[in-house]
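Take a look at the structure set out below.
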2 protein chains.
Amino acid sequence: MSKINLGIVEDDTLIQESLNDFFDAQSEIDCVQISSSVEDFLTSIKSLETLPKIILLDINLLGMSGIDGIPLLLNELPKVDIIMLTTFEDNDSIYKALCAGACSYLSKKTPLKKIKEAIEVVSKGGSYMSPSIARKIVNTFAPKQHKSNLLTPRQKDIVAGIVDGKSYKMIANDLFVSIDTVRTHIKNIYKTLEINSKAELIRKSYDNEL
Amino acid sequence: MSKINLGIVEDDTLIQESLNDFFDAQSEIDCVQISSSVEDFLTSIKSLETLPKIILLDINLLGMSGIDGIPLLLNELPKVDIIMLTTFEDNDSIYKALCAGACSYLSKKTPLKKIKEAIEVVSKGGSYMSPSIARKIVNTFAPKQHKSNLLTPRQKDIVAGIVDGKSYKMIANDLFVSIDTVRTHIKNIYKTLEINSKAELIRKSYDNEL
DNA sequence: TCTACAATCACATTATGATGTGATTTTACT
DNA sequence: AGTAAAATCACATCATAATGTGATTGTAGA
C-alpha cells in the first residue's frame, strides 16, 4: 500500500510541528508540503514532484482565509480532498467550507489519532466529521418543520404548477377549472404569503418557506 | 452514569436478536423496546415506564417505511434522537431521512462496536455518520460546479435580477441600460435555454441547471 | 480583413400576470 | 341552523412579460 501524500496549510507553527512530528512517525502518511498560507502553498506545490492527495486546511490564516482558498486549491489540484482543521465551529464557517468543496471538517480539539483516522477515511473515498460538527450539519437539513398550514391543498396544487413553470392557463387546464379560479387562488396565496410576484413564490417554495 | 435507553425498530428478527444480545452485554446501554414496525413501536411505548432516548430505525419495514415513521416518532417522543440503520445508501433515502429529522445515518454493514460508538456520540449531542454516507452528504453541499458557458456574463446579470424578483424595469435601472436591452437579453436567454417563461428560468436557476 | 458574437437600443403586438370587487356552492364544525 | 373556510367562477383594468423585426457598436479570433 502506497503512502497517502498529505499537504498542510496552517499558520500556527506549534501545530505545524506537532502534526509534522506525528505524521513522520506514521508509515501510512507522507507529509509532502507544509505552508502557513494558501498563497504560499499554491506557489510551493509547483515545484513538488509528488502532489498532495489530501490537504489539512485551517481557516484563520495570514493571507486569504482557508475558506476563500478552497476554490483556488481545487483549481490547482482538482482531485485533492480537503479536510478542514480549525477552531471555528460556527454553522456559517462549516456551511461555507462544505459549499466551497471541503469534504471533511474537524475541530482542532480532535486527537491526532482521530485526525489520522479521518485522513485514511477520506483517502478511501469517505468523509469524517467531528461529532459536534456532524450534528450541526444534519441540523441544517431538518430545522424547519414548517409544516405549513398556511396554504390549503388546492392552493398547493396551484403553487406546484407555478413552480413547474406553467402559465395560469395551463394550470387551469390541468386542474380542470377556469383561469379565473386560478387567478383567485393566486390572489389568496399572495395575500397569505404577503408577496406579489411569481418570482417570490418560487423562491419561497425552493427555500421551504411554505 | 445512567444507562442510555434505546429503542429499536427493525423487522429482520436475526438483526433484532443480534443487536439485542450485543446491547445486553453492554453496561452503558439499555434496550427498552424492540419492534418490527413503526406502528407497533408507537403502540408499545405507551405502556413503557422508561422511554427511549435514542431509536435505531430501519427503512424497509413491514408497515410504513422508516422514513415516513420519523415524523410520527418525533411527534410522540419530541426529544428522541433517531439513528437510521439501514442497507439503503442512496442519496435520496439519506436526504429524506435527514430532512425528516433523523440525526445520524449508519450502514447496516457497520460493526456493532461502531454502532455502539454512534449511540454514545449521539447521546452526547453529537452525530455519527458512516464515512461513505458522510461523503454523500457533503457532496450535496458542493455538487456541481456547473460552470455553465451557456450564458454570457451580461446575461447572467440579467438572470440574477430576475431570480431576485425584480421587474425588467428595475433590472434596466440597476444595470444602467434600457428596458429594451433587458428584453433583448431575455429573449436570447430564453432561446438559449429553450424555455419561455420567467418561472422556468427561476426554476433552472434554483436547480443549478445553468 | 472578414466574421461571429456580445451588448446595446427602438418600435410594435399579443399574451400573461397582478389586483379589485362580487358571487355561488360545498363541506365541516358549533 | 348558522358560520367559516375552501373552492369555484365572472368581469374589469392596468402593468408586465413574451416575441418579432431590425439596427448599431465594439471586440476577439479565423
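Only a predicted model underlies this, so the values are computations on that prediction, with no experimental measurement involved. Chain letters run A, B, ... following the sequence lines, proteins first and then strands; every chain starts at 1. All heavy atoms count here, side chains included; hydrogens, waters and symmetry mates do not.
If you check the side chains of B:Ser35 and B:Glu10, you find no donor sitting under 3.5 Å from an acceptor. For the residue pair A:Thr184 / A:Thr181, no side-chain donor-acceptor distance below 3.5 Å is found, with atom types taken as modelled. Side-chain atoms of A:Asp90 and A:Ser93 include a donor-acceptor pair closer than 3.5 Å. Side chain to side chain, A:Glu200 and A:Ser197 meet the donor-acceptor criterion of an N or O pair below 3.5 Å.
Contact annotation: B:Arg154 side-chain N/O to C:dT8 OP1/OP2 distance is under 4.0 Å. Listed pair B:His185 / C:dA6 fails the phosphate criterion, with no side-chain N or O lying under 4.0 Å from OP1 or OP2. For D:dT16, one of the phosphate oxygens OP1 or OP2 lies less than 4.0 angstrom from a side-chain nitrogen or oxygen of B:Lys169.
The residue B:Thr184 sits close to a base: some heavy atom pair falls under 4.0 Å. A:Ser167 comes within 4.0 angstrom of the backbone, heavy atoms only, and of no base. Here B:Ser178 lies in heavy-atom contact (under 4.0 Å) with sugar-phosphate atoms only.
Counting to the nearest Å, the P atom of D:dT19 and the CD1 atom of B:Ile189 are 12 Å from each other. One atom, NZ of A:Lys187, and another, P of C:dG20, lie 8 Å apart when rounded to the nearest Å. Straight-line distance from the CG atom of B:Leu201 to the C1' atom of D:dT19: 16 Å, rounded to whole Å. Put simply, CD1 on A:Ile171 is 11 Å from C1' on C:dG17, counting in whole angstrom units. A:Lys198 has its NZ atom 10 Å from the P atom of D:dA17, to the nearest Å. Taking atom CZ of A:Arg183 as the reference point, atom C1' of D:dA10 lies 10 Å away to the nearest angstrom. In this structure, the CD1 atom of A:Ile179 is 9 Å from the C1' atom of C:dG17, given to the nearest Å. Atom CD1 of B:Ile162 and atom C1' of C:dG17 are 15 Å apart (whole Å).
With the nearest nucleotide of DNA chain C identified for both B:Phe176 and A:Asn196, B:Phe176 has the one nearer the 5' end. Nearer the 5' end of DNA chain D, as judged by each residue's closest nucleotide, is the contact made by A:Thr181, out of B:Ile195 and A:Thr181. Annotation: of the two residues near DNA chain C, B:Leu175 and B:Asp180, the 5′-most nearest-nucleotide partner is B:Leu175.
Judged by atom type and distance alone, B:Thr152 does not reach the base of C:dC5 through any side-chain donor-acceptor pair under 3.5 Å. Judged by atom type and distance alone, B:Lys191 does not reach the base of D:dT19 through any side-chain donor-acceptor pair under 3.5 Å.
Results of the side-chain hydrogen bond (donor to acceptor under 3.5 Å, both in side chains) test with B:Lys108 over B:Thr86, B:Asp58, B:Thr87 single out B:Asp58 as the only residue that passes.
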